[in-house]
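Remember, it's a predicted structure, so these values are computed and weren't measured experimentally.
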Amino acid sequence: MASNCIVFHPHLSLHSAATHSPKLPRLPPTSSGKFMNQFYHSFPKRCGVLSGRASSSGRFSVRKRLHEFDPHPKLTNDDLLPTIPSQRNYHWWRLASHWIGIVVGVPAYYMAGSLVDLGMAWWQGIATVVAANVILLVPLVLTGHPGTKYGISFPVLARSSFGIRGAHVPTSLSALVGCGWYGIEIWIGGEAIYLFLPNSIKQSSLSHVLPWLGTSPLEFACFMVFSLAQLAVVWKGMEGIKAFQKYAAPILMVLTSFLLVWAYVKAAGLGHMLTISSRLSTSEFWSLFFPSLTANISFWATVALNIPDFTRFAKTQRDQIIGQAGLPIFMGAFTFVGLAVTSSTQVIFGHVISNPIQLLGQIGGLTTMVLAIVGISLATMTTNIAANVVAPANALVNLSPSNFTFRRGAVFTALLSIAFQPWRLLKSSESFIYTWLVGYSALLGPIGGIVLADYYLIQRTKLSLRDLYSLRPDGAYYYSGGVNLAAMVALVIGILPVIPGFLQKVGILSSVPDAFVVIYNNAWFFSFFSAVELQPFRTHSRAHYYAVVLLEYSIVETSSL
């Protein structure tokens, strides 16, 4: 006789279970409390959660009633709830287009070219970029797993490792980095607006730099205009973002192809790029390679953390894995285009133009101007929305669900980005790559290490949705007053060794021991694995501890060559 109860494994998400049960209602989100109550009270009260063990008769034991899962109002709203089946509409090609939209942008255009400027051969620069993204693909896929399995965003996932209240620390650190990046991308979009303004306006007094501001009022106004245009897309929420990414990706691919074909025809081939050889000795190459590898990994470090914000919409784990697998290919291909076009400008114009915005201004013509504005706007918005808006917005929602929605979080992100003064961060390749990118990787590396070690080594990929939204002292993730002290200690230990090298890089300290320089140049690796090292003491397993130590030792030895 079939059981008349609808039951679940306690560690399966509601959505994976819902997929297999036609009886589950598909209710649109209303208010957070009402939606969750409707969702769970829709089950018969005599039905409970499966233990995952069936008796010989096929019946499942009842553990806890579904209607007892009542999320605390301080921990949830519509934006923090697990996704329901009808929201799982990301096939692998949608995630792939998501990454194309993120990759195609002005900062990525610079990456390989900056390495060539520092002395690498053209193929070494591209290989460094690809190698970094292959490495990054591992934490991306691993962190994306809980998003797809449980339908939860990164702030909710962080509760499992840092604690219900402790999760505010990693999400806030990630949000600050996202705000900085948001400002950088908005500044680049504002540059495109400024470039195509009439000369009469650009030559007015409004173009004079104000020392206290660090830029001109006109450039700052362009920055604000582009920021408002960005918010118009974000205002529609995650559904608007997904639709925007879907249609922008193919347009960006076409425009990028046009730019490459133009450079190939005008420069009579790519011979000039292919003749760029290395100007570095073996020891000089390795000294440049590791900090450059770290910088390229940290380039997407914020996305590697908040990728559950997107994989929570994936239909299956297969979709999220295949959809993300193209990242190294996309990044390698686009940096190749950037390097090829930049090197071709030496032949076409007689001097190198590394800024694509300035290049499009040099080409001239009304058609080119329109395409340039459309292309740069799309490239900047697709990168900025996915990589830099979602994480800060969700972090603010998690900080105070009753006061912040995703929209309010996005607006606050835009305002906070002004404080980072992105025009100063972009003043040189040195400050952008080796101060900004490498510096913040020391913050994000240990967060990623702690979350992954906890999810895979301690939790064994089994989370309790009920406890992720509960402030009960006996909850699985309440720890000590809502904070996991072990995770906090691991976070501090991951960050501390990098600080001396950072202070030396920004000029606060005149010199530091060579060991700290090596640590700083490999900030993401050291902070990531240092945080992971503490996890064996909670799991009583030593196997991965020795692997971590061996990897760190090999990095130090190679970097010091």
Side-chain angles (χ1 to χ4, degrees), residues 90-105 107-108 111-112 115 125-149 154 157 174 177 181 245 249 289-290 292-336 382-383 386-388 390-391 437-438 440-441 444-453 455-457 461 522-529 531-532 544 547-548 551 555:
Y90 258 30
H91 294 277
W92 68 265
W93 58 269
R94 288 286 300 277
L95 273 172
S97 65
H98 164 86
W99 273 111
I100 292 173
I102 294 179
V103 165
V104 179
M111 292 308 293
L115 299 181
I126 294 174
T128 301
V129 173
V130 173
N133 283 271
V134 169
I135 294 172
L136 186 65
L137 189 60
V138 176
L140 268 170
V141 171
L142 292 178
T143 311
H145 183 277
T148 301
K149 182 175 182 179
F154 172 70
L157 172 63
S174 176
V177 175
W181 263 116
Q245 296 284 83
F289 173 77
F290 280 101
S292 300
L293 187 71
T294 302
N296 276 275
I297 289 174
S298 60
F299 193 74
W300 299 125
T302 51
V303 188
L305 279 182
N306 78 288
I307 195 63
D309 296 343
F310 298 96
T311 59
R312 65 198 291 240
F313 297 102
K315 295 184 74 67
T316 64
Q317 293 291 353
R318 178 178 177 273
D319 286 308
Q320 77 98 355
I321 293 171
I322 296 178
Q324 297 198 81
L327 172 61
I329 299 172
F330 303 148
M331 196 66 182
F334 189 66
T335 52
F336 174 84
T382 52
T383 302
N388 310 316
V390 176
L437 291 180
V438 177
Y440 76 64
S441 68
L444 304 187
I447 295 173
I450 291 166
V451 169
L452 289 179
Y455 180 68
Y456 286 97
L457 299 177
T461 74
N522 300 278
W524 185 87
F525 292 98
F526 272 92
S527 61
F528 182 94
F529 290 110
V532 172
H544 80 286
V548 168
L551 180 57
I555 292 174

- request: Kindly determine whether Leu140 and Trp99 satisfy side-chain contact (heavy atoms from CB on, under 4.5 Å), including the steps that lead there.
  value: CA-CA 12 Å; Leu140 268 170; Trp99 273 111; 3.7 Å; yes
Please round to the nearest 0.5 Å and tell me the distance separating atom [atom1] of [X] and atom [atom2] of [Y].
X	Y	atom1	atom2	result
Ser97	Tyr90	OG	OH	7.0 Å
Thr294	Phe526	OG1	CZ	9.5 Å
Leu293	Asn133	CG	CG	9.5 Å
Leu95	Thr148	CG	OG1	7.5 Å

Matching residue for Met331 among Val129, Val104, Val134, Ile102 - test: side chain to side chain contact (heavy atoms under 4.5 Å, CB included): Val129
query: Hey, which of Ile135, Leu142, Leu136 is the one that makes side chain to side chain contact (heavy atoms under 4.5 Å, CB included) with Pro139?
result: Leu136
message: The criterion is ring-ring contact (aromatic ring centres under 6.0 Å, His included); which residues satisfy it with Phe289, sequence neighbours excluded?
response: Phe285, Trp286
- prompt: Sequence neighbours excluded, which residues qualify as ring-ring contact (aromatic ring centres under 6.0 Å, His included) partners of Phe299?
  reply: Trp181
Test item: Phe528 and Ile297 side chains (from C-beta on) under 4.5 Å apart, heavy atoms: no
4.5 Å side-chain heavy-atom contact, Trp300 and Leu327: yes
State, to 0.1 Å, how close [X] and [Y] come at their nearest heavy-atom pair, and which atoms those are.
X	Y	result
Phe154	Pro308	N-CB, 3.9 Å
Ser441	Pro446	O-CD, 4.3 Å
Gln324	Thr311	NE2-CG2, 4.0 Å
Lys149	Gln317	N-NE2, 3.5 Å
Thr383	Gly105	OG1-CA, 4.1 Å
Asn306	Phe310	ND2-CE1, 3.7 Å

task: Run the numbers on Thr143 and Leu305 for side-chain contact (heavy atoms from CB on, under 4.5 Å), then give the verdict.
output: CA-CA 7 Å; Thr143 311; Leu305 279 182; 5.7 Å; no
task: Name the orientation class of the two ring planes belonging to Tyr455 and His145 (parallel below 30°, tilted from 30 to 60°, perpendicular beyond 60°).
output: tilted
